[in-house]
Amino acid sequence: MSNDLTFVHRFEPGNRLEASPLLLLHGTGGDENDLLPLGEAIAPGAPRLSVRGQVLEHGMPRFFRRLAEGVFDEDDVRRRANELADFVVAARSRYGLAPPIALGYSNGANIAAAMLLLRPEELDGALLLRAMVPLREAPKADLAGKPVLIVSGKSDPIIPPSNSAQLAAMLSEAGAEVQHRTLPVGHQLSQADLTLAKAWVQGLRHFSIRHDPEKPVAASG
Ligand code: MLT
């Protein structure tokens, strides 16, 4: 854990310096420790930057405020997505990282989707597990060629299928190479999520040579 960058986080350099780094973003009530094992399982050896959300909802960390379940404070989404993007810029410089691929679950997937729409240049792609539309009105983003995998749950009580389909359409219209898969599960993650995510990462044509060789990869943050 490190306090000199603006978000509490952990950085694990991994042993595959050439692999794209992962930006790990937890769900409501999680923290920076949660997704480290999932990241390692999906992309073994890749550098992992895992961040804790700065909003507390009844003591539970999140990445932005919500007014009710699935109803977001969109001004806060904008502000927090920009702050997270600024943190990613600082962390990349500190650890010598290429733009990461976001791996987010639930609230973490939603802030990753907001980052894609608001600060597309800071992410190389995104793996969004149980994501929904983070902003009803977003600026026109250029996501040309960026790979995005959205994995939804068919019986997710929080995210209606039309909402995740709308997110997939928004990102596709902005030029992203979107794959949207729906599993016969709810909001919780399943083994099938892991299988899909691993296959998607392995298929990324640019999941290699993403480390900036000019800069050293520092020890855990
Ligand atoms: C959100 O608030 O981002 C979504 O409702 C998902 C959740 O965190 O429950």
Side-chain angles (χ1 to χ4, degrees), residues 7-9 22-39 49-85 87-88 100-120 122-123 125-138 141 148-171 176 178 180-190 192-194 196-197:
F7 280 73
V8 175
H9 67 283
L22 292 178
L23 173 67
L24 304 175
L25 303 166
H26 62 79
T28 300
D31 68 22
E32 68 282 9
N33 299 306
D34 284 17
L35 296 189
L36 284 168
L38 184 67
L49 177 64
S50 192
V51 185
R52 187 191 302 179
Q54 293 183 324
V55 170
L56 286 180
E57 183 184 272
H58 307 300
M60 295 185 294
R62 287 175 50 83
F63 287 95
F64 56 82
R65 286 188 57 227
R66 63 180 165 183
L67 308 175
E69 196 167 83
V71 184
F72 303 151
D73 174 342
E74 296 198 11
D75 287 341
D76 199 59
V77 174
R78 283 190 183 81
R79 180 184 139 209
R80 306 277 180 181
N82 276 304
E83 287 174 357
L84 181 60
F87 165 77
V88 168
I101 291 178
L103 164 55
Y105 166 60
S106 189
N107 182 245
N110 296 339
I111 194 78
M115 262 182 84
L116 278 173
L117 293 166
L118 296 169
R119 298 281 293 271
E122 310 306 350
L123 293 177
L127 209 167
L128 307 176
L129 304 172
R130 309 298 182 275
M132 56 195 294
V133 174
L135 294 166
R136 278 164 304 178
E137 284 185 22
V148 175
L149 174 65
I150 301 172
V151 186
S152 302
K154 190 169 182 210
S155 46
D156 190 328
I158 298 174
I159 308 173
S162 58
N163 189 298
S164 47
Q166 192 189 339
L167 175 63
M170 279 172 92
L171 299 176
V178 179
H180 184 196
R181 305 290 299 270
T182 301
L183 295 171
V185 298
H187 198 69
Q188 294 305 311
L189 295 181
S190 66
D193 285 275
L194 177 61
L196 276 182

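When a ligand or atom number is given, it counts from 1 through the structure's own listing order. Below, all heavy atoms of this structure are taken into account, side chains as well, without hydrogens, waters or symmetry copies.
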Please report the shortest heavy-atom distance between A112 and L25, naming the atom on each side. CB-CD1, 3.8 Å
Relative to the ring of F64, is the ring of F72 parallel (under 30°), tilted (30 to 60°) or perpendicular (over 60°)? perpendicular
Between S155 (side chain) and V185 (backbone), is there a donor-acceptor pair under 3.5 Å? yes
Within the 4.5 Å heavy-atom criterion, are F7 and L84 side-chain neighbours or not? yes
Check this for me, if you would: do D76 and R65 make a salt bridge, where the nitrogen-to-carboxylate-oxygen distance has to be below 4.0 angstrom? no
Taking only heavy atoms of the protein into account, state which residues are under 4.0 angstrom from an atom of ligand 1, in chain and number order. T28, R62, F64, R66, G70, F72, S106, N107, N110, I158
Passing candidate, side-chain hydrogen bond (donor to acceptor under 3.5 Å, both in side chains) with S106, options H187, H26, R62, R130: H187
